[in-house]
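Since the structure comes first, as structure tokens, the remarks are kept for the end.
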Amino acid sequence: MIEFNLTQIEKKWQKAWKDNNLFKAKKDTNMKKFYALEMFPYPSGKLHMGHVRNFSITDAVARYKRMTGYNVLYPIGYDALGLPAENAAIKNDSDPKSWTLKCIEMMKAQQESMGFSYDMSTLTPTCMPEYYRWNQWIFLKLFEKGIAYKKVAPINWCPDCKTVLANEQVEDGKCWRCKSEVIKKDLSQWFFKITEYADELLKDLSKLEDWPEKVKTMQKNWIGKSEGTEIYFKVKDMDLEISTFTTRPDTIFGITYLVFAPEHQIVKQLIKGTKDEKEINKFIKEVAKKSTIERTAEGKEKNGIFTGQYFINPVNGDECPIYIADYAIMDYGTGAVMAVPAHDKRDFAFAKKYKLPVKVVIQPKDNKLDVKTLKDAYTDSGVLVNSAEFDGTNNEVAKDKITKWLEKNKLGKSTVNYKLRDWLISRQRYWGTPIPIIYCDDCGIVPADENDLPIVLPDGAKFDGKGNPLEKIESFINCKCPICGKPAKRETDTMDTFVDSSWYFLRYTDNKNDKLPFGDNHKYWMQVDQYIGGVEHAILHLLYARFFTKALRDIGLTDIDEPFKRLFTQGMVLKDGVKMSKSIGNVVDPGIIINKYGADTARLFILFAALPEKELEWSDKGVEASYRFLKKVYKLVDDNKIKATKIDVDTLDAKSKYVLSLIHSTINSVTENIDNFRFSFAIADIMALTVEVQKLALKADKNYKIVVAEGIDTIIKLLAPFTPHIAEEMWSMVGGKGFVSEWPVGNEDYIDKKAILMETFVKDTASDVRQIVQLIGKTPESINIYVAPEWKHKIYELAKGKPKSLIAEVMKDTEMKEIGAEASKYAQSLMKRPVFLDVLSSDDEYLALASGLDVFIDEFDCEINVIRADESESDKSKRAEPGKPGIEVL
RNA sequence: GCAGGGGUCGCCAAGCCUGGUCAACGGCGCUGGGCUUAGGACCCAGUCUUAUAGAAGUUCGGGGGUUCGAAUCCCCUCCCCUGCACCA
């Protein structure tokens with residue numbers, strides 16, 4: 001057995017690719033382009049299997065597209081700013097920059113060892129001023145436009161660490177690092193006005209035809225558009241108006257109380273001076289203490305308290321109590337909810353708990369609701385009752401009618417509400433893009449001068465985990481006001497790292513530009529033709545990136561309004577049925593796999609073991625199978641170092657004709673499968689072809705060699721997108737010039753259905769013969785094969801495309817529909833043999849078998865006699881008897 | 001609760017859109033054999049049940065329907081995963 005050192009081969013070709021600068025995107029904008037992009041990784045320093053899968057898929061696409069003549073841009077980059085680096089710095093008493101850069105080097109080395117075909121010239125980590133200065137530049141433009149703005153907002157604040165925490169960093173209401181209780185705090189924060197784009201972001205989802213439905217749905221839900229009505233209520237005996245939002249204005253006559261979110265500003269005025277003020281404030285404090293997660297986790301139990309105040313329902317003059325309840329949230333709608341217990345499940349539950357009245361205003365068509373027996377809210381449609389002039393109206397119609405009535409009487413208006421909220425980009429952290437804003441005592445909030453960019457993160461920060469290090473660096477904070485020139489203070493908040501990833505794909509098209517974030521070059525490259533990454537980014541990153549593209553369009557930088565033409569979300573990598581994770585301890589280190597089996601093996605396994613969008617179950621056995629396959633191909637090429645030449649089909653015999661057919665039909669199927677992201681099918685096809693070519697290669701005849709060469713040539717090319725290193729190596733072994741660069745095209749003239757038919761005959765017979773030979777354990781001297789005319793059913797290949805019409809004919813002839821079940825059986829019996837046999841003349845069939853038999857002569861080196869069973873009466877006795885496979889070995 | 005995706009012959013996993021080449025691709029595993037001192041590797045065959053068989057039977061979560069014919073279409077139902085979740 002031949003030994004081959006895959007790791008050595010891989011190193012050799014990685015160097016060759018690098019030396020030849022093979023993957024640099026070309027400047028020629030006349031070429032058809034393809035922009036392949038993977039979601040750039042956070043530089044943790046180590047690749048995990050998820051990365052390897054992501055990149056292997058993208059690389060296969062990029063390589064395939066290059067081979068089919070596209071000018072491909074396949075960039076590399078790192079999402080290099082962010083918390084982990086800062087935490088590492090705190091832990092190791094170092095600084096985030098050197099830690100990050102070190103990690104990038106390690107990660108890049110691993111990516112190189114996988115042989116991904118990046119255009120290395122695009123590499124710009126987002127932590128470099130050359131990149132983040134453009135974050136600042138864009139911020140200034142967005143500030144000018146009013147898209148970036150500052151407002152006071154409640155955030156999670158850790159009093160010990162003196163910093164904001166992301167929701168994910170709050171565990172059970174406590175800081176994940178120091179375990180002290182996190183408090184809600186109002187802080188002045190920077191936002192991007194993504195809500196202004198809510199409608200467009202929603203509408204344009206329909207443009208994204210090649211996005212997974214799942215992702216589009218998730219975004220749609222996240223934006224959460226809901227059309228409804230804003231209704232105003234007057235507080236009894238007070239000069240206060242309450243605004244509420246509802247999608248059910250049709251139930252307005254059924255209101256029996258109203259709830260406020262505890263944080264609602266009006267609440268203070270409402271309870272001021274009332275006898276229960278203290279108690280109510282206590283309740284509010286308790287709710288505020290709970291984290292959002294805690295508050296919503298229970299799900300069922302609703303808590304509230306009566307304010308002592310009443311409001312007036314304008315449609316009927318009812319006076320109803322005003323409550324404060326934890327199930328009302330400040331972030332949605334107006335923070336106040338009109339409660340209709342009879343027709344809303346939450347209101348119903350709350351009303352039952354606090355013994356509030358329930359009033360039915362919608363009756364279903366079939367049965368009548370009775371307040372006394374009502375077990376839960378009725379939320380379906382029906383006809384209005386107890387609703388004055390609207391009685392008898394269908395509730396869907398009433399929604400509109402009542403809203404119009406409210407509008408006419410200035411008691412409300414139709415409105416649209418979104419769940420989407422503005423994007424809070426302020427971070428009280430060091431390792432992010434400094435927000436280019438200056439605070440001047442005289443001029444107020446002043447944007448930094450564009451010419452002063454970049455505002456660079458200062459060195460010498462101390463990372464002690466207490467607050468934002470930037471706040472302690474005087475040289476950074478102190479500056480001059482760009483307007484009046486007086487001493488002023490710099491903003492110390494930095495930007496959320498999602499800002500970096502919201503437009504990096506644009507920077508890649510023009511990453512050396514020092515005048516603008518990107519230039520005209522992007523017009524040629526954008527949109528990203530294929531974006532590939534994990535589904536975990538379905539909302540945040542992908543929504544931000546879409547928003548950013550639109551915002552950049554509105555500040556005149558581009559005409560594009562959707563960045564990613566096709567999105568592909570790959571499945572997770574599992575081990576033992578669960579996600580690979582450190583805590584479970586089932587992580588497989590890609591580095592170890594690469595060292596042991598080589599990058600090509602890892603890539604092949606990952607692409608072969610599951611369809612890319614499905615979950616991938618890691619299997620060591622599977623990896624070994626992939627390795628064996630590569631070894632097998634390598635041996636095949638090593639044994640047959642011949643160059644492909646032109647083929648004259650007429651000179652070929654049946655066997656080689658068959659293999660030639662298979663070669664070209666495989667080219668077609670592999671091409672189709674890659675186009676449809678079915679890499680595992682494509683690879684299975686290549687494997688099947690390899691087996692056939694290998695068998696043919698065992699023959700000594702020159703005739704075969706031509707086809708074997710063609711097969712090898714094809715296999716190398718087809719494998720190149722998946723296992724590029726070994727493909728290059730084999731390409732050079734057969735004397736190929738340069739690098740594997742051309743995708744093969746299936747030649748229809750070579751695809752010979754008859755040849756395939758012959759093969760199926762031979763294959764069937766061969767398996768029988770082989771078995772007998774193996775049973776005997778010795779090479780036979782002579783083999784007799786008796787062929788019954790109806791012998792083989794496997795002539796479907798030739799009948800391809802015909803069965804349906806044939807069946808139709810049969811059905812017509814026998815008027816099957818009327819005969820019923822009997823006919824069904826009849827049709828089936830017809831379909832199984834006679835019908836298809838008619839497609840072929842029996843001579844063809846016979847010839848097919850006969851001409852395929854040279855295989856045996858070669859394989860067993862014995863005499864073969866083919867006896868056609870129907871040649872004469874006497875031969876019928878020699879027809880295959882039960883127990884014999886129609887073959888006699890002498 | 002809402003939304004999305006699934007349940008296929010030991011395991012992984014195709015097929016379903018466009019119903020009949022489906023007992024159902026491929027990989028793994030297992031069994032037998034060839035080759036070998038042996039093992040590994042490699043090669044061949046088998047791997048739902050019955051059967052001498054190229055035959056038949058019973059299968060694609062469960063139930064029902066449409067059809068001459070259903071893994072595939074329709075309805076109901078059970079189970080699993082994923083996302084969002086007291087969104088008014």
Side-chain angles (χ1 to χ4, degrees), chain A residues 1 212-218 220-222 224 226 228 244-248 259 295-296 298-302 325-329 331-334 336-340 344-347 349-350 417-419 535-536 538-539 572 605 608-611 613-617 619 621-622 624-626 628-629 631-632 635 678 680-681 683-685 687-688 691 694-695 698 764 766-768 770-771 773-775 777 788 790-797 799-800 802-804 807 810-811 814-828 831-832 836 880-886:
Chain A
M1 182 63 216
E213 214 47 52
K214 184 185 177 178
V215 173
K216 286 196 275 186
T217 311
M218 281 167 78
K220 194 178 147 211
N221 291 343
W222 187 263
S226 83
T244 63
F245 172 78
T246 182
T247 53
R248 296 295 304 272
V259 279
R295 213 166 124 185
T296 56
E298 316 272 326
K300 274 144 212 160
E301 189 71 8
K302 295 165 177 42
D326 56 0
Y327 80 92
I329 43 179
D331 297 328
Y332 188 74
T334 62
V337 186
M338 53 170 247
V340 186
D344 183 282
K345 292 194 177 194
R346 292 152 299 161
D347 297 348
F350 191 81
N417 231 304
Y418 296 94
K419 271 181 7 186
V535 76
E536 65 273 15
I539 293 174
M572 280 192 301
F605 167 72
F608 177 58
L611 285 172
E613 69 272 24
K614 300 271 174 103
E615 287 172 343
L616 170 76
E617 173 69 29
S619 145
K621 296 278 184 185
E624 279 177 32
S626 296
R628 281 204 301 269
F629 171 72
K631 220 156 79 174
K632 191 198 269 185
K635 183 183 183 316
R678 298 195 294 207
S680 49
F681 290 18
I683 293 166
D685 289 343
M687 285 176 170
V691 171
Q694 189 184 33
K695 278 184 191 168
L698 293 172
D764 267 23
S767 87
D768 289 338
R770 269 193 209 101
Q771 252 192 313
V773 170
Q774 286 185 359
L775 274 171
E790 75 279 11
W791 191 48
K792 257 312 162 183
H793 29 286
K794 293 205 174 174
I795 45 172
Y796 294 132
E797 276 303 329
K800 216 165 201 166
K802 288 182 182 172
K804 274 193 184 172
I807 293 153
V810 172
M811 282 177 60
T814 54
E815 293 177 27
M816 290 179 53
K817 277 209 169 186
E818 282 160 38
I819 310 167
E822 275 304 307
S824 159
K825 278 184 192 164
Y826 176 57
Q828 276 173 18
M831 277 154 49
K832 282 226 161 114
F836 293 125
E881 293 297 320
K884 289 181 190 167

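Chain identifiers are assigned alphabetically (A, B, ...) following the order of the sequence lines, protein sequences preceding nucleic acid strands; residue numbering begins at 1 within each chain. Heavy-atom basis, side chains included; hydrogens, waters and symmetry copies ignored.
- At a threshold of 4.5 Å between non-hydrogen side-chain atoms, the residues A:Phe245 and A:Tyr332 count as touching.
- Among the nucleotides B:rA88, B:rA85, B:rU82, the one closest to the side chain of A:Lys214 is B:rU82.
- Once rounded to the nearest 0.5 Å, the distance linking NZ of A:Lys220 with CD1 of A:Ile539 reads 13.5 Å.
- Pairing partner, B:rU82: B:rA3, with both Watson-Crick or wobble hydrogen-bond distances short of 3.5 Å.
- Checking B:rC9 for Watson-Crick or G-U wobble geometry (two distances, each under 3.5 Å) identifies no partner in any strand.
- For A:Arg678, the listed nucleotide lying nearest its side chain is B:rG15; candidates were B:rG4, B:rG15, B:rC43.
- Rounded to a whole angstrom, the distance from the C1' atom of B:rG27 to that of B:rG64 is 37 Å.
- Pairing for B:rG40 is absent, with no Watson-Crick or G-U wobble pair whose two atom distances lie under 3.5 Å.
- With rounding to the nearest 0.5 Å, the separation of NZ in A:Lys214 from CD in A:Glu613 is 11.5 Å.
- Base pairing annotation: B:rC25 forms no Watson-Crick or G-U wobble pair, as no partner gives both donor-acceptor distances under 3.5 Å.
- Distance check: A:Asp344 CG to A:Met338 CE gives 9.0 Å after rounding to the nearest 0.5 Å.
- For the P atoms, the distance from B:rC16 to B:rG6 is 12 Å, rounded to whole Å.
- Searching all strands for a Watson-Crick or G-U wobble partner of B:rA45 with both distances below 3.5 Å returns B:rU31.
- Protein atom CE of A:Met218 is 19 Å distant from nucleotide atom P of B:rC87, rounded to whole Å.
- Between the P atoms of B:rA24 and B:rA71, the separation comes to 13 Å (whole Å).
- With both ends at atom P, the span from B:rC48 to B:rG39 equals 27 Å, rounded to whole Å.
- For A:Phe605, the ring pair (Phe, Tyr, Trp, His ring centres under 6.0 Å) criterion is met by A:Trp618, not counting sequence neighbours.
- Nucleotides B:rA85 and B:rG29 are separated by 43 Å at their C1' atoms, to the nearest Å.
- Following rounding to the nearest Å, A:Lys220 (NZ) and B:rA3 (P) show an atom-to-atom distance of 10 Å.
- Under the Watson-Crick and G-U wobble criteria, each requiring two contacts below 3.5 Å, nucleotide B:rG69 is left unpaired.
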- For nucleotides 24-31 of chain B, just jot down a letter per nucleotide in 5' to 3' order: B, S or -, based on protein non-hydrogen atoms under 4.0 Å. --SSSS--
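- Closest to the side chain of A:Lys419, from the set B:rC44, B:rG15, B:rC87, is B:rC87.
- If you find the closest nucleotide of RNA chain B to A:Trp222 and to A:Thr247, the one lying nearer the 5' end belongs to A:Trp222.
- Going from atom NZ of A:Lys216 over to atom P of B:rG5 covers 12 Å, rounded to whole Å.
- Atom CZ of A:Arg628 is separated from atom NZ of A:Lys635 by 15.5 Å, given to the nearest 0.5 angstrom.
- Taking atom C1' in both B:rC78 and B:rG26, one finds a spacing of 31 Å when rounded to whole Å.
- Using a 4.5 Å heavy-atom threshold, the side chains of A:Val337 and A:Thr244 count as separate.
- Checking side-chain atoms of A:Asn417 against main-chain N and O of A:Ser226 turns up no donor-acceptor pair under 3.5 Å.
- The nearest whole Å value for the distance from the CZ atom in A:Arg346 to the C1' atom in B:rA85 is 11 Å.
- Remark: P of B:rU82 and CD1 of A:Ile539 are 15 Å apart, rounded to the nearest angstrom.
- In this entry the distance linking CZ of A:Phe629 with C1' of B:rC43 reads 16 Å, nearest Å.
- Note on A:Lys632: a side-chain N or O is less than 4.0 Å away from OP1 or OP2 of B:rC43.
- Between atom OG of residue A:Ser626 and atom CE of residue A:Met687 there is a gap of 5.5 Å, rounded to the nearest 0.5 Å.
- Each of B:rC43, B:rC84, B:rA88 was ranked by its minimum atom distance to the side chain of A:Ala328; first place goes to B:rA88.
- Of the C1' atoms belonging to B:rC84 and B:rC28, the separation is 37 Å, rounded to the nearest Å.
- Comparing the P positions of B:rG32 and B:rG20 gives a spacing of 38 Å, expressed to the nearest Å.
- A 4.5 Å side-chain heavy-atom check between A:Lys632 and A:Val691 finds at least one atom pair inside the cut-off.
- For A:Val691, counting side-chain heavy atoms from C-beta on, the closest listed nucleotide (B:rA3, B:rA85, B:rC44) is B:rC44.
- Between A:Thr217 and A:Thr246, the residue whose closest nucleotide on RNA chain B is further toward the 5' end is A:Thr217.
- The partner of B:rU18 cannot be assigned: no Watson-Crick or G-U wobble pair with both contacts below 3.5 Å exists in any strand.
- Summarising the geometry, the separation between NZ on A:Lys635 and P on B:rC42 is reported as 11 Å, rounded to the nearest angstrom.
- In this structure, CD of A:Gln694 is placed 12 Å from C1' of B:rC44, rounded to the nearest angstrom.
- Using N1 to N3 plus N6-O4 or O6-N4 for Watson-Crick, or N1-O2 and O6-N3 for G-U wobble, each under 3.5 Å, B:rU58 pairs with nothing.
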